[in-house]
Amino acid sequence: MKKKIFALGLAVCMAASLAACGGGSTAETTTGTDTAAASTEAPADDSKSEESSEGETESKAEEDAAASGELQTVTPGKLTVATSPDFAPYEFYAIGEDGTPTLAGFDIALAQYIADDLGLELEVVTVDFDGVLSELQTKSVDLGMAGLSPDPKRESIMAFSDLYYMGGQSLVTVKDKADMYNSFEAVNKPEVSVGAQIGSIQMDLAHANSPAADIVPLPKVTDIIAELLAGKMDAAYIETDVAKSYQKNYPELEIIMDVPYDQEGSSIGVCKGNEALLAAVNGSIAKAIEDGSMEKFITEANELASGEKYEGLLDESGQVQQ
Ligand code: ARG
């Protein structure tokens, strides 16, 4: 059995330069129903030249697809999905027996299910969460599947699918500090550092509930957890089930309390203006819930995320950080 791999390598990440860790994206193509088969290689991106935007000439393949009533996607025949794999059990890297990191989580399993259901090949693009939002905004992907909250502020840049998962929000710290940071009041002081992921609704929660605190924006939830564990950050706003998942591997984490939030639940961000795709995605979600697949994906993701095979970050060459 492999030793447990602690992959929350913020220090390594920072030392290796920010460029290596943030912002960059890799594309992973999966085929068939094997969600564990994602490769971490970034394919050459020659498809972009054929992208159609209003006023531009559509490619022959797109015209044919439109004529036959097929779904229009950014790359014909493919379902391109952006995700941010710092968010177990939704999406994370699981380490296989051979030490290879594989994209896993119930968002990834659902993405594969939807692609199969729609007869498309799945291509997953991994970016930080704020990147998921901008990929949708620029219509570079068809879907954003990243435990995304249907926040009304995002309505101008994407459409939302029906909800496929219900989660809540929490204030999190570490066991040592749990007595000290046990209320909103306690985490609303300038000397208290409070983390939240850049672009997330948790950032809004931090501003709403801890406006006087030293709010620290970080690109990845795994960065936030690393900072909490290292004692460099006092508290953080994190989705409850995500905090619980990381807590299984890092029992020093302590969930202090629930944080009220209006837009509970996760939906899929759908490229704006693609009504047919939105309807198709909603159809697939309903099917996945009804035939028990969704429940199975959630159970499997939770098992994988709490075992020894568990990962948060890859280094710049797509390998596990040791
Ligand atoms: N639900 C939150 C939001 O939509 C956080 C999502 C973060 N997702 C992730 N994969 N890191 O803002």
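Note that ligands are numbered from 1 as they come in the structure, with each ligand's atoms numbered from 1 the same way.
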(request) Among Leu148, Ile114, Val81, find the one that has a side chain to side chain contact (heavy atoms under 4.5 Å, CB included) with Ile268. (result) Ile114
(message) Below 4.0 Å, non-hydrogen atoms only: which portion of Asp86 touches ligand 1? Side chain, backbone, both or neither.
(response) side chain
(message) Measuring from non-hydrogen atoms of Arg154 to any atom of ligand 1, is the shortest distance under 4.0 Å?
(response) yes
(request) Look at atom 9 (C) of ligand 1 and say which protein heavy atom is nearest, naming residue and atom and giving the distance to 0.1 Å. (result) Phe87 CG, 3.3 Å
(request) Look only at interatomic distance and state if Leu148 has a nitrogen or oxygen under 3.5 Å from any nitrogen or oxygen of ligand 1. (result) no
(message) Just to confirm my output: which protein heavy-atom neighbour is closest to atom 7 (C) of ligand 1, and how far is it?
(response) Gln197 OE1, 3.4 Å
(message) One residue to check: Lys220. Relative to ligand 1, which of side chain, backbone, both or neither has a non-hydrogen atom less than 4.0 Å away?
(response) neither
(message) Is there a polar contact, in the sense of an N or O pair closer than 3.5 Å, between Gly199 and ligand 1?
(response) no
(request) Could you tell me the residue and atom name of the protein heavy atom closest to atom 8 (N) of ligand 1, and the distance to it rounded to 0.1 Å? (result) Ala146 O, 2.7 Å
(request) Say whether Gln169 and Gln202, considering side chains only, have a donor N or O and an acceptor N or O under 3.5 Å apart. (result) yes
(message) I'd like to check Ser149 versus Arg154 (side-chain heavy atoms, cut-off strictly below 4.5 Å). Are they in contact?
(response) yes
(request) Decide whether Met233 and Val187 are clustered together by the hydrophobic rule: side chain heavy atoms of Ile, Leu, Val, Met, Phe, Trp, Tyr closer than 4.5 Å, transitively. (result) no
(request) Would you kindly confirm whether Tyr261 and Ile198 end up in one hydrophobic cluster when ILVMFWY residues are joined by side chain heavy atoms under 4.5 Å apart? (result) no
(request) Let me know which of Phe297, Phe106, Phe129 forms a ring pair (Phe, Tyr, Trp, His ring centres under 6.0 Å) with Tyr90. (result) Phe106
(request) Please work out whether any backbone atom (N, CA, C, O) or any side-chain heavy atom from C-beta onward of Gln263 is under 4.0 Å from ligand 1, and answer side chain, backbone, both or neither. (result) neither
(request) Consider every N or O of Ser200 and every N or O of ligand 1, then say whether any pair is closer than 3.5 Å. (result) no
(message) Counting neighbours of CD on Glu252 that are heavy atoms of other residues, nucleotides or ligands and sit closer than 6.0 Å, is the number greater than 12?
(response) yes
(request) Measure the distances from the heavy atoms of Tyr90 to every atom of ligand 1 and state whether one is below 4.0 angstrom. (result) no
(message) Just so I know, are the side chains of Tyr237 and Ile224 near enough to count as touching, which here means a heavy-atom distance under 4.5 Å?
(response) no
